[in-house]
Amino acid sequence: MADGSSLSALSTSPTPPASPLRHDWTRAEVEELLNLPFPELLYRAQTLHRQFFDPTEIQISTLLSIKTGGCPEDCAYCPQSSRHEERLKAEKLMAVDGVLAEAKRAREAGAARFCMGAAWRSPKDHDLEAVCSMIEGVKALGLETCVTLGMLDDRQAHRLKDAGLDYYNHNIDTSPEFYGEIISTRTYQDRLDTLANVRDAGINVCCGGIVGMGEGESDRAGMIASLASMPKHPESVPINLLVKVAGTPLATAEEVDPIDFVRVIAVARITMPASHVRLAAGRENMTDETQTLCFLSGANSIFYGERLLTTPNPAATRDRQLLDRLGMHTTVLSK
Ligand code: SAM
Ligand code: DTB
Ligand code: SF4
């Protein structure tokens, strides 16, 4: 509960807590939230959502893979790892002009933020300079910028900040305990160190994880507790539903009950009420009704455009139709 008293005391209360930016969430408290009766969970999530945001507004970001495949890391979910059986062809870093042409298309389609992803363990200095030119060019188009380039040291984070970067995406992916089942080539602590470097450089943090990798409910709770216990909550919290890609070790992972997925979104909203919670990967195979439940539970951001990094995403027309049916609208940048 918002003021730190017992959660159980509230679980049947008709009045949700007053406001609340807590940074001391325990796994047990988060697990208790995940298990609330669905109507109570949605009521609490919606009440908090309205305290911080217009519940009819959705932030939209468009993704571009600027360097695809050939990644030395072994993330079990990822089609870009060079360690899996079937791997994507390793490509070179895109040229700045090509990236800016894609950013212009995204702007014309109505995106507010342009997110550039590279399949690197961490960027090399000369690659980082090219990415800085991309950031400067995308900002000049009037778009917000986000990049996800793997691990960063303090100097690299400052270089990106100097180029004008608005957001850095680096996910914790899952709970500290389950993490080792998914990735062996870098540790949870490595992730936290990168996030601290990004935060200290004054860049907004985009950090979330994945549901559907075979984790238990306690791992989902552990992931959210880790995010919600950060000294400052990530400004943006992407909750990805695993996209099962052939050739990856998680290709045959068990399906997630859509209601359980919605529960994770709602609990992210309750524990990080001032953050944008992004209904991230996995929408292509989600019904409109499940997506709607996610919006009703506090998701207020999506990836927009027909591709994520390497896998399909719903067409912009389908998303516009859904938002129209719901009487919802996208965030328009004032620049
Ligand atoms: N290489 C960089 C890194 O790992 O930080 C940046 C790109 S990586 C693709 C960004 C995030 O996308 C991952 O941390 C993971 O959470 C998410 N992701 C990757 N493959 C996914 C999949 N198949 N399904 C759902 N999310 C996925
Ligand atoms: C995030 O949390 N999800 C995005 C973004 N951050 C970089 C990536 C999803 C990737 C899904 C698999 C693919 O398209 O390759
Ligand atoms: Fe590489 Fe990122 Fe994919 Fe992991 S998630 S294999 S680091 S591209």
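Numbering of ligands and ligand atoms starts at 1, following listing order.
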Discussion item. Is the ring pair Tyr168/His170 parallel, tilted or perpendicular, if the boundaries are 30 and 60 degrees?
Written reply: tilted
Practice prompt. Identify which of Cys75, Gly150, Pro79 has a heavy atom lying nearest to atom 6 (S) of ligand 3.
Written response: Cys75
Item to complete: State whether Cys71 contributes an N/O/S atom found under 2.8 Å from atom 3 (Fe) of ligand 3.
Response: no
Practice prompt. Please confirm whether the backbone N or O of Leu152 pairs with a side-chain atom of Asn197, one donor and one acceptor, at under 3.5 Å?
Written response: yes
Practice prompt. Return the option from Leu149, Thr68, Asp173 holding the heavy atom at the smallest distance from atom 14 (O) of ligand 1.
Written response: Asp173
Item to complete: Taking atom types as modelled, find out whether Thr331 and Glu57 have a side-chain donor-acceptor pair closer than 3.5 angstrom.
Response: yes
Discussion item. Between Ser229 and Trp25 (side chain of the first, backbone of the second, donor and acceptor by atom type, cut-off under 3.5 Å), is there such a pair?
Written reply: yes
Item to complete: Using a distance threshold of 4.0 Å (strictly less than), state whether atom 8 (S) of ligand 1 has a protein heavy-atom neighbour.
Response: no
Worksheet, complete the sentence: Within the 4.0 Å heavy-atom cut-off, what Met213 brings close to ligand 1 is neither
Worksheet, complete the sentence: Under 4.0 Å between heavy atoms, the region of Thr311 that gets near ligand 2 turns out to be both
Practice prompt. Tell me, please: is Phe303 in heavy-atom contact with ligand 2, that is, under 4.0 Å?
Written response: yes
Worksheet item: At a 4.0 Å cut-off, with the gap strictly under it, does some heavy atom of Arg83 reach an atom of ligand 3?
Response: no
Worksheet item: Is a donor on one side and an acceptor on the other found under 3.5 Å between the side chain of Arg191 and the backbone of Asn171?
Response: yes
Worksheet item: Ion pair present between Arg105 and Glu102, side-chain N to carboxylate O less than 4.0 angstrom?
Response: yes
Practice prompt. Specify side chain, backbone, both or neither for Val243, according to which of its non-hydrogen atoms lie closer than 4.0 Å to ligand 1.
Written response: both
Worksheet item: Is ligand 2 less than 4.0 angstrom away from at least one heavy atom of Asn240?
Response: yes
Practice prompt. Select one of side chain, backbone, both or neither to describe which atoms of Asn169 lie under 4.0 Å from any atom of ligand 2, heavy atoms only.
Written response: side chain
Fill in: ligand 1-proximal atoms of Ala118, by part, heavy-atom distance under 4.0 Å
backbone
Discussion item. When you compare the side chains of Tyr77 and Asn240, does any donor N or O come within less than 3.5 Å of an acceptor on the partner?
Written reply: no
Worksheet item: Quick one: does ligand 3 sit under 4.0 Å from the side chain of His84, the backbone, both or neither, non-hydrogen atoms only?
Response: neither
Worksheet item: According to the interplanar angle, ranging from 0 to 90°, do the rings of His23 and His233 count as parallel (below 30°), tilted (30 to 60°) or perpendicular (above 60°)?
Response: tilted
Discussion item. I need the atoms of ligand 1 closer than 4.0 Å to a non-hydrogen atom of Leu242, numbered in the order shown.
Written reply: 24 (N), 25 (C)
Response to the item:
Logged contact type for Thr311 with ligand 1, heavy-atom cut-off 4.0 Å, is neither
Discussion item. Check contact between Arg186 and ligand 1, using heavy atoms of the residue and a distance below 4.0 angstrom.
Written reply: yes
